[in-house]
2 protein chains.
Amino acid sequence: MTTAAPVPSSRELPHPTCEEIRLEGVLHALSDPVRLGIVRELAAEGVALACSHFDVPVSKSTSTHHFRVLRESGVIRQVYEGTAKMNALRRDDLEALFPGLLDTLLTAATRQADRGSEV
Amino acid sequence: MTTAAPVPSSRELPHPTCEEIRLEGVLHALSDPVRLGIVRELAAEGVALACSHFDVPVSKSTSTHHFRVLRESGVIRQVYEGTAKMNALRRDDLEALFPGLLDTLLTAATRQADRGSEV
DNA sequence: GACGTACTACGATGCCTATCGTACGAGCCG
DNA sequence: CGGCTCGTACGATAGGCATCGTAGTACGTC
């Protein structure tokens with residue numbers, strides 16, 4: 001069962017520790033539709049995804065910016081894997097800090113999305 | 001029992017309908033520390049409070065701005081009562097739109113505040 | 001009517017941020 | 001090595017927003 005520990009590349013990225021994660025920062029990060037969409041997709045898939053996987057309606061450089069905001073606010077963890085940069089929700093950390101928050105937010109986002117599509 | 005139905009003044013203020021309330025807007029409104037503090041106090045008191053009741057660390061005009069953001073995002077309802085402007089959480093509306101969200105957010109905010117004061 | 005209080009409107013300012021294009025670096029593959 | 005893909009860095013830009021001070025309006029009270 002050599003699950004191929006996916007060889008995290010050399011370059012490391014700075015992440016906030018749990019103590020450094022601020023609720024205001026998380027809320028601000030999720031208050032942007034593009035970033036909320038990214039987080040929703042990450043949650044839906046349940047696994048780490050490369051930046052290129054997402055179909056965001058912005059340019060590549062803007063996309064990079066949004067991923068950085070998510071990382072610096074403590075919402076996602078980013079790790080290089082070859083040329084790809086894998087993104088994973090920091091579910092456990094967020095759950096420990098703000099119990100139930102992520103799930104409630106995701107549910108709220110889904111409800112709103114359903115609301116909109118019920119034309 | 002003339003509970004003095006508090007005579008809402010003539011001037012009316014525009015509020016978003018429930019359909020118009022956007023999750024992103026709510027999150028953005030609450031991502032500011034001043035506004036989050038206002039909402040926390042409103043929730044703690046449980047009743048409508050005049051703007052002047054709050055001890056915010058900003059000027060009066062900035063305070064007005066924050067209350068407007070909260071109103072326009074659908075988080076609070078504002079009604080004039082004489083010279084005072086009463087502010088109330090739109091608990092029921094928010095609960096209907098995003099079940100559990102407000103309470104989860106308030107709990108998260110409290111936890112974070114406690115974290116900080118545990119020196 | 002005169003005064004005080006509560007809040008607003010307006011204009012200014014400086015910062016933050018979402019957006020882009022272009023040029024570049026890091027790793028894979030042939 | 002040469003090229004390809006993925007993502008970054010940088011600079012520019014335009015709009016948003018938190019902040020303030022001042023001047024003004026609405027309302028209650030004397």
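Per chain, numbering begins at 1; letters A, B, ... match sequence-line order.
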Think B:Thr62 has a side-chain N or O under 4.0 angstrom from the OP1 or OP2 of D:dA18? no

For C:dC7 and B:Ser52 - does any side-chain N or O of the residue sit under 4.0 Å from the phosphate oxygens OP1/OP2? yes

Can you check whether A:Ser61 has a side-chain N or O nearer than 4.0 Å to OP1 or OP2 of D:dG7? no

Please check the phosphate of D:dT19 (OP1 and OP2 only) for any side-chain N or O of B:His66 closer than 4.0 Å. yes

Testing C:dA6, D:dC20, D:dG7 for proximity to the side chain of B:Ala84, the answer is C:dA6

Tell me whether the side-chain N/O atoms of B:Ser59 come closer than 4.0 Å to OP1 or OP2 in D:dC20. yes

More than 12 non-hydrogen atoms from neighbouring residues, nucleotides or ligands closer than 6.0 Å to CG on B:Asp114, yes or no? yes

Rounded off to whole Å, could you give me the NZ-to-C1' distance for the B:Lys60 and C:dA9 pair? 13 Å

Would you say a side-chain N or O of A:Arg68 is under 4.0 Å from OP1 or OP2 of D:dG7? no

Could you give the CG-to-P distance, from A:Asp32 to C:dC16, as a whole number of Å? 18 Å

Treating A:Arg35 as the side-chain partner and A:Leu70 as the backbone partner, does any N or O pair qualify as donor plus acceptor under 3.5 Å? no

What is the distance, rounded to the nearest whole Å, between atom CD of A:Glu72 and atom P of C:dC16? 13 Å

How long is the line joining CG of A:Leu30 and P of C:dA18, in whole Å? 12 Å

Under 3.5 Å, is there any donor-acceptor pair linking the side chain of B:Thr83 to the base of D:dG28? no

Integer-rounded Å distance: C:dT19 C1' and A:Arg35 CZ: 12 Å

Per atom distances to the A:His28 side chain, the nearest of C:dA18, D:dT19, C:dC7 is C:dA18

For the residue pair B:Arg71 and B:Pro14, establish whether any side-chain heavy-atom pair is separated by less than 4.5 Å. yes

Answer with base, sugar-phosphate or nothing: what part of the nucleic acid does B:His53 contact at a heavy-atom distance below 4.0 Å? nothing

For the pair made of CZ in A:Phe54 and P in D:dC6, what is the distance, rounded to whole Å? 14 Å

d(CZ, B:Phe67; P, D:dT19) in whole Å: 13 Å

Residue pair A:Ser59 / A:Thr62, side-chain donor-acceptor N/O under 3.5 Å: yes

Verify the distance criterion only: is there a donor paired with an acceptor across the side chains of A:Thr64 and A:Ser61 at less than 3.5 Å? no

Rounded distance in Å - CG (B:Asp55) to P (C:dA6): 14 Å

Picking from D:dC6, C:dA18, D:dT19, the nucleotide nearest the side-chain atoms of B:Val34 would be D:dT19

